[in-house]
Protein chains: 2
Amino acid sequence: MRAAGVTTEDRLVAAAAALLDAGGEKAVTLRAVGQGAGVSHNAPYKHFRNRDALLAAIATADFTRFGDAFAEIRGSSRTAKEKLRAILEFTIEYAHDHPMRYQLLFANRAIAAQGGVLQEAAMRSFEAFAAVVEECQAAGVLPGTPHRTLAGLLFASLHGLLAFEANGLTHPRKGFIGVSESIDLLVDLISRSDDRR
Amino acid sequence: MRAAGVTTEDRLVAAAAALLDAGGEKAVTLRAVGQGAGVSHNAPYKHFRNRDALLAAIATADFTRFGDAFAEIRGSSRTAKEKLRAILEFTIEYAHDHPMRYQLLFANRAIAAQGGVLQEAAMRSFEAFAAVVEECQAAGVLPGTPHRTLAGLLFASLHGLLAFEANGLTHPRKGFIGVSESIDLLVDLISRSDDRR
DNA sequence: ACCTGAACACCGTTCAAGT
DNA sequence: ACCTGAACACCGTTCAAGT
């Protein structure tokens, strides 16, 4: 027994996350995870159904962090538009600081398919974001499209920019001005469409 | 020797593409590719540096198809706005018909990093799309942002929608209305921002 | 020039045991 | 309840040969 309350399961997830950050998904081998957590290479099977379930545990933990951060921003005393920017910027920073983890959360078929707790955590983040979008609409900053649809569209656009950037599809010759500037431009173009009502 | 002009290299790429469509990237093992092409499991090494180079060959071929299709749409007698829709719709159809291949082209780090001919093919597609965006601006259908920047933003948004859909992040509870409808909505919201000048 | 078979160093996963 | 070591069926890649 090491630090109080730190279970073997916690150490397995932590070791897997460290390997993921350092070397991408393929670096997360059960043998390396076991070694990182100080157990044998198949001890993980006593805590997770398989490798995908272990990866999903990382994703679930991080989606929860997203949900917390988004909820805090939503409840802050900023203006609606500032909240929108804060959430988008938080996501961009996370993607830049932990590119492999971002990819695991938002660009991984097998992980999203794990369902359950993970879906709940992801939905909670989305709801906080959608609520901020609704605030923006009430403030006349965003047009009156159904707020969930608009929120999904904005977040998908942000993801597309981050994905293209990460995959090297944003050649300077393509007029790419950076993710943050691009999403600002998009919000700006959309904002003007309603003449602020 | 089989059909005239069909080289071993062609058969290797075709076999790899078939495996990719059928079972995703991990199904493309060099052993299965070799068997599919009627050669040994390491004959591919005489034609491609490694597995990633083989996958990149599929991507290059498909990017060329994209470039051809986009160029043909650009040169057609449609209106600017119809051309824009046709290109977006072509991409959506391709992504729906060949999800694994779409992922290989637009959501794969290792492949994009192969550079060279692939980058050229991708750039050619982009240029055709950007030219159509420019036509839309001249027609007052899209706002006067630098056309490459706007084209990149639109295509990235489309990719984000397709990626979220493929990864199951578009729960109905999130107000998702479909990729085609979502990108139409986005174009519509952006179009109105300039009051058609 | 193009291909093959054997071999190496890895994988995820399963299983029979151990405490 | 939790963990281990051996084993199985795979991988990508390399190498020494063969035609």
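Worth saying up front: this structure is predicted, and the values here are computed from it rather than measured. Each chain gets a letter, A, B and so on, in the order the sequences are listed, and its residues count up from 1.
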So which heavy atom on S182(A) is nearest to which on I177(A), and how close?
OG-CG1, 3.5 Å
Taking a pair to mean Watson-Crick or G-U wobble geometry with both distances below 3.5 Å, dC15(C) pairs with dG5(D)
Tell me, with the steps shown, if F106(B) and F66(B) meet ring-ring contact (aromatic ring centres under 6.0 Å, His included).
CA-CA 12 Å; F106(B) 295 105; F66(B) 263 80; 5.8 Å; yes
Within this structure, what is the CG-to-P distance between L30(B) and dG5(C), rounded to whole angstrom?
16 Å
Salt-bridge criterion met for E25(A) and R51(A) (N-O under 4.0 Å)
yes
Using atom NZ of K26(B) as one end and atom C1' of dT13(C) as the other, report the distance to the nearest whole Å.
13 Å
Base, sugar-phosphate alone, or nothing: which one does V28(A) contact when heavy atoms must sit under 4.0 Å apart?
sugar-phosphate
Round to the nearest Å and state the distance from R31(B) atom CZ to dG5(C) atom P.
13 Å
Is there a residue in residues 39-49 of chain B whose heavy atoms reach under 4.0 Å of DNA chain C, and which residues are they?
V39(B), S40(B), H41(B), N42(B), A43(B), K46(B), H47(B)
Respond yes when some side-chain nitrogen or oxygen of T29(B) is under 4.0 Å from OP1 or OP2 of dC10(D), and no when none is.
no
Would you kindly give the CD-to-C1' distance between Q35(B) and dT4(C), to the nearest whole Å?
15 Å
Measure from CG on N50(A) to P on dT13(C) and round the result to the nearest Å.
5 Å
Quick one: side chains of residues 124-131 of chain A, donor-acceptor pairs under 3.5 Å with protein atoms, not counting sequence neighbours, listed by atom name and distance.
| residue | atom | partner | partner atom | Å |
| --- | --- | --- | --- | --- |
| R124(A) | NH1 | D68(A) | OD1 | 3.4 |
| R124(A) | NH2 | D68(A) | OD1 | 2.9 |
| S125(A) | OG | F63(A) | O | 3.3 |
| S125(A) | OG | G67(A) | N | 3.1 |
| S125(A) | OG | A121(A) | O | 3.4 |
| E127(A) | OE1 | R148(A) | NH1 | 2.9 |
| E127(A) | OE2 | R148(A) | NH1 | 2.6 |

Could you tell me if D10(B) and T7(B) have a donor-acceptor pair between their side chains, going purely by distance under 3.5 Å?
yes
Short question: side chain of K174(B), backbone of G152(A) - any donor-acceptor pair under 3.5 Å?
no
Could you work out the separation of dA17(C) and dC2(D) based on their P atoms and round it to a whole Å?
22 Å
